[in-house]
Every structure is written in structure tokens, then in C-alpha cells.
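Below is one structure; the comments refer to it alone.
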Amino acid sequence: MSNSTSAARPWDIEAARNLYNIHRWGAKYYDINDEGHVVARPLQDAGVAVDLTDVIEEAKARGLKFPLLIRFQDILRHRVESLNQSFRNSIAEYGYRGRYRGVFPIKVNQLREVVEEILDAGKPFDFGLEVGSKPELLAGLALQNQIGSLIVCNGYKDAEFIKMAMLGIKLGKTVILVVEKLEELRQIIAISKQLNVEPLLGIRARLLSRGAGRGASSGGENAKFGLSTAELLEATELLKAENLGHCFKLLHFHVGSQVPDILTVKKAVQEAGRLYAKLHKMGFPISYLDVGGGLGVDYDGSRSAFDSSTNYTLQEYTNDVVYYIADVCNAENVPHPDIISESGRAIVAHHSVLIVEVFGAIEKIRPGEFLKFGEKEHPLVNELLDIRKHLAKLNKIEAYHDALERREDAQHMFTLGVLDLPDKAKIEDLYWQISREVVEHYKGHAYVPEEIRKLEDSLSDQYLCNFSVFQSLGAGPAISHHADCPPERAAHARGHARGYHL
Ligand SMILES: Cc1ncc(COP(=O)(O)O)c(C=O)c1O
């Protein structure tokens with residue numbers, strides 16, 4: 001998406017930075033260099049900048065076709081280290097007595113190179129994996145060879161899945177089966193007796209706290225997964241009756257993915273912390289509290305509670321998780337559990353860039369005058385010409401409303417068959433010219449009316465890009481590449497996991 005204001009204002013790098021908000025969503029991993037090219041900085045300020053235009057040229061020289069996915073393994077490392085470091089900072093700050101034992105949910109990116117890089121970067125932190133299906137568990141058992149790192153099994157589990165997890169335990173791996181439904185627990189107990197292996201058990205609690213945003217249905221009392229309070233108590237009775245209470249090691253919850261509002265996190269962590277404390281006091285030696293996924297990515301850089309953003313930073317997230325668990329545990333006088341989070345998108349979102357070819361652009365205002373205005377014009381055309389002529393002296397918002405009204409009148413007349421095509425074209429063209437000048441007038445004003453902001457968006461050019469959102473987009477930025485664009489405008493459009501920004 002680009003903006004057609006270059007005629008009125010020189011287009012420079014600062015203007016591009018501001019328009020595309022790159023310094024906010026780029027999270028210091030992406031910027032624009034002095035040549036006006038998008039650069040990636042995999043180690044943020046501590047490392048080199050990779051010019052994406054160079055990468056594109058190199059790819060073209062090698063005959064590679066677009067769309068092209070570029071992945072920065074160093075960004076993955078940096079994300080894993082940042083997440084772990086952030087939890088460590090919070091643990092130190094609040095005198096927390098447990099550890100952070102993060103796991104990466106394989107379903108978020110199943111590429112072998114991605115999972116291996118994350119595990120390698122996570123070695124110093126005993127970073128583990130979360131799996132949600134049999135194939136993921138198989139991959140997890142093969143890839144996770146760090147003694148002590150966790151493999152947390154969520155999702156629907158059939159007998160084979162459970163057996164495989166038990167075999168993992170036999171192999172000396174820390175495979176925790178998280179019970180999502182009560183029947184699963186009965187099955188796990190039966191299979192563990194069959195195989196003569198004690199399970200490591202977790203239970204997913206269905207919290208009442210629920211978030212807003214895209215993944216909100218994963219939380220709350222109507223969530224598909226997790227045990228209600230009554231079912232949780234039934235599960236504890238079952239465990240006691242089977243003499244397996246000591247196997248209950250982990251309490252899990254997940255309020256949804258991409259949680260935009262930190263208040264959701266605060267409430268959920270407090271509720272789960274209380275559950276943990278009560279269960280611990282009932283005699284269950286739970287040593288892990290798993291706060292699930294949800295750590296969001298500020299895709300649009302607005303630092304807000306909109307779905308495509310987050311109103312918190314990574315450090316604020318880890319501070320809240322650690323602080324509230326400590327707070328409840330201190331009040332209830334129970335040990336601080338190790339904290340697990342299953343952050344997926346927050347680890348992988350920044351590391352991949354999709355380069356797509358731009359094969360055309362739709363411009364609202366065509367460069368150059370191609371419509372000729374004569375002496376005798378349609379009254380609506382004359383009125384718009386008049387507004388355009390005197391715009392400098394007119395109240396801009398009123399002038400815009402007048403132009404809008406004329407365009408709507410023209411639309412009605414055309415539908416009724418009383419306006420011909422050339423007049424319709426002139427009216428629309430004049431409307432966009434006036435709109436552009438009105439938008440220009442508000443540039444730099446402290447207050448810009450909402451409708452003018454929307455008008456500015458609708459004045460944007462739309463690029464036509466050649467790619468499939470479903471096949472090509474992971475969870476990273478998308479950059480459009482257009483051979484005919486001046487370099488400063490060639491590689492700067494941005495999309496994200498849902499692809500709706502392009
Ligand atoms: C149980 C569970 N854990 C973790 C995640 C990953 O969430 P996110 O990518 O928001 O960190 C998901 C995704 O929805 C999930 O369902």
C-alpha cells in the first residue's frame with residue numbers, strides 16, 4: 001500500500017518510515033537504510049543490516065522465482081534469547097523462587113530448520129517443545145534431546161498418542177501429558193498400568209477469565225478444551241483413588257492466541273495462580289504452572305489493544321506473569337512453581353519475510369490531466385470546478401462535504417440514467433483531486449478528523465501482488481517488490497500472518 005502524496009511533498013526516507021510505521025512494528029529487526037531500501041537487522045542494533053534489495057537481486061540472478069520467503073535464523077535465536085532473558089529479569093526483580101521453562105509450540109511453525117534453531121538457541125535455558133498431535137510428538141521426541149527440557153503434550157490424545165508419550169518417558173524424556181478432557185485421564189491411567197510406566201500429568205483448567213481478540217474462544221467457560229472446576233475436582237479424586245496424586249505435575253491454561261490486552265493476562269494468571277495454590281494445598285505436588293500461548297505481536301505498530309496489536313511489551317508481559325504468580329503463592333503460602341509459557345508467534349513472527357512481485361497498481365488519482373474541461377460543463381462538474389478553484393479560501397472540511405455530496409448526487413443520477421459517462425468521470429476525478437488537497441491541508445495538524453484519516457487511507461494506491469495468502473504467509477512481514485518503482489518505494493509494503501495489510 002502506498003500513498004499518492006509524493007506530488008505535494010518530497011518523498012524521503014523519514015516519510016517512508018513514518019508512513020509504514022516501520023520503527024514500531026519492525027521491533028528493531030527491520031528499518032530503511034540511507035538508500036531507501038528495507039533492511040533486516042537480525043541482531044537488532046548489535047549486528048549487521050541485511051539489505052533486502054540485495055537479497056532480491058541475488059535471488060533473481062540465481063533464477064529464483066517469486067513469491068520468495070526469506071528467513072532469518074538469527075532473529076529466531078534473538079527471539080528465544082529475548083523471551084528467556086525477559087523472564088529471567090522478571091524472576092530476579094520479584095525475587096521469584098521458581099524457574100522459567102518455556103516450550104515452543106511446534107504447530108506454530110513446523111519447519112525442521114525453525115524448530116532445530118529454536119531448540120539450539122534455547123539450550124542454555126532448557127527450552128522445550130509443545131506438541132499437539134501424534135506426528136508432532138514423534139518430531140518432538142526425535143528433536144528434543146536436551147536432558148531436562150520439557151515436551152508438553154496438548155490436544156486430543158488417542159491411545160497411540162498416550163502410548164508414545166509413555167515410551168518417551170521410558171526413554172528418559174520429560175514428556176508431560178496435559179489432560180484436556182476427563183475421559184483422557186481414565187485412558188492415560190489404563191495405559192500407564194498396561195505399560196507399567198507412571199505418567200507425568202498436567203491438567204488444563206478452563207478458566208472463567210477470557211480474553212478479547214482472535215483467539216478468545218480458546219478461553220472462558222465455553223472453551224472447547226480444559227476441565228471445569230467440578231471436573232478438576234473429579235480428576236483429583238480419580239488420581240487419589242488410583243494412588244497417582246504424585247503424578248499431577250502441571251497446571252495449564254490458555255486464554256487464546258494473540259492476546260491484545262494485558263488486562264486479560266493479568267486476570268487469567270491470578271485465577272490460575274489461585275487454582276494452583278488450592279490444588280497444592282490439597283496435597284498435589286504440582287511443580288509447573290503453564291500459562292499457555294497468547295503473548296502477542298504488535299503487527300501494526302500501534303501499541304494498542306486492537307486485534308493486530310498489543311498494548312504491552314514483552315517485559316511487561318513477563319513481569320505480570322511472574323509478579324501475579326508470586327503474589328498469589330506468597331498470600332497462600334505455597335512454593336513458587338516453575339513457569340512454562342507456550343509462546344509461538346512471539347518467537348517466529350519476525351523471522352520470515354515474504355517477497356512478492358507487484359504486477360500493477362490501482363491509483364485513485366492518475367498522474368497528468370487526461371480529462372479536458374470546456375466552457376459548457378454539467379452543473380455538477382461546474383460546482384466541483386468552483387470548489388477546486390476556491391479551495392484555498394474555503395473551510396476544508398465543508399468543502400470536502402460539498403464535494404462528497406456532489407459525487408453522491410452524480411452517482412444517483414448515473415444510476416437513474418440521467419448522467420453520461422464522461423461527466424461521471426469528470427466528477428469522480430474532481431472529487432479525488434479535492435479530497436487529496438483536503439488531506440494535504442491536514443498534514444501536520446495535531447487534530448485530524450476521523451473522516452479525513454479514513455479519506456487518506458482511501459487515497460492510497462493499491463498494489464496488485466502475485467501470491468497466495470494461504471500458501472505463502474507464515475506469521476511474518478510481507479514485502480512487495482516492484483521492478484518499476486523508484487528504489488525508496490520498491491520494497492516497503494507490509495502484511496502479516498492474516499495478510500490483510502497488503
Ligand atoms: C494450547 C496452545 N498453546 C500455545 C499456542 C500458541 O499461541 P501463541 O502463538 O499466541 O503464542 C496455541 C495457539 O493457539 C495453543 O492453542
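FYI, the numbering just counts along the sequence from 1.
Screening His78, Arg77, Arg71 against His351 for a side chain to side chain contact (heavy atoms under 4.5 Å, CB included) leaves a single residue, Arg71. Checking each of Phe87, Phe125, Tyr288 against Tyr100 for a ring pair (Phe, Tyr, Trp, His ring centres under 6.0 Å) leaves exactly one that passes, namely Phe87.
Proximity of the aromatic rings of Tyr29 and His350 is defined here by a centroid distance below 6.0 angstrom, and this criterion is met. Checked against the 6.0 Å centroid threshold, His280 and Phe284 do not count as a close aromatic pair.
Considering every non-hydrogen atom in both Arg274 and Ala331, the closest pair reads NH1-CB, 4.4 Å. Minimum interatomic distance between Gly140 and Ile151 (heavy atoms only, all atoms of both residues): O-CD1, 3.8 Å. Here the shortest heavy-atom pairing between Val269 and Asp320 reads CG1-O, 4.4 Å. Taking every heavy atom of both residues into account, Val115 and Asn109 meet most closely at CG2-O, 3.5 Å. Minimum heavy-atom separation, Leu251 to Ile286: N-CG2, 3.8 Å.
Checked for salt-bridge contact, Arg17 and Glu14 meet the test: a charged N lies under 4.0 Å from a carboxylate O. Salt-bridge annotation for Asp290 and Arg101: absent, with no side-chain N of the basic residue lying under 4.0 Å from a carboxylate O of the acidic one. At a threshold of 4.0 Å, the pair Asp338-Arg99 does not count as salt-bridged, since none of the basic side-chain nitrogens sits closer than that to a carboxylate oxygen. Ion pairing between a basic and an acidic side chain is recognised when a charged N comes within 4.0 Å of a carboxylate O; Glu332 and Lys278 show such pairing. Looking at Glu136 and Lys107, no side-chain N of the basic residue comes within less than 4.0 Å of a carboxylate O on the acidic one, giving no salt bridge. With respect to the salt-bridge test (charged N to carboxylate O, under 4.0 angstrom), the residues Glu237 and Lys240 qualify.
Annotation for Tyr94: atom OH counts as buried by contact number, over 12 foreign heavy atoms lying within 6.0 Å. The 12-atom threshold is exceeded at OH of Tyr442, counting heavy atoms of other residues, nucleotides or ligands nearer than 6.0 Å.
Counting heavy atoms from C-beta outward, Tyr312 and Asp261 have side chains that stay 4.5 Å or more apart. Considering only heavy atoms from C-beta on, His37 stays 4.5 Å or farther from Leu52 through its side chain. Counting only heavy atoms from C-beta outward, the side chains of Leu275 and Leu232 approach each other to under 4.5 Å.
In the model, Asn89 has no side-chain atom that pairs as donor or acceptor with a side-chain atom of Glu93 under 3.5 Å.
Ring pair His252/His254 is parallel by interplanar angle, where below 30° counts as parallel and above 60° as perpendicular.
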message = Checking Ser309 against Asp298 for the side-chain hydrogen bond (donor to acceptor under 3.5 Å, both in side chains) test, could you report, in this order, the C-alpha distance in whole Å, the side-chain angles of both residues, the deciding distance, and whether it holds?
response = CA-CA 4 Å; Ser309 184; Asp298 190 2; 2.5 Å; yes
When you look at Ser257 and Arg345, which way does the side-chain hydrogen bond (donor to acceptor under 3.5 Å, both in side chains) test go after all the steps? CA-CA 8 Å; Ser257 190; Arg345 67 175 69 229; 3.2 Å; yes
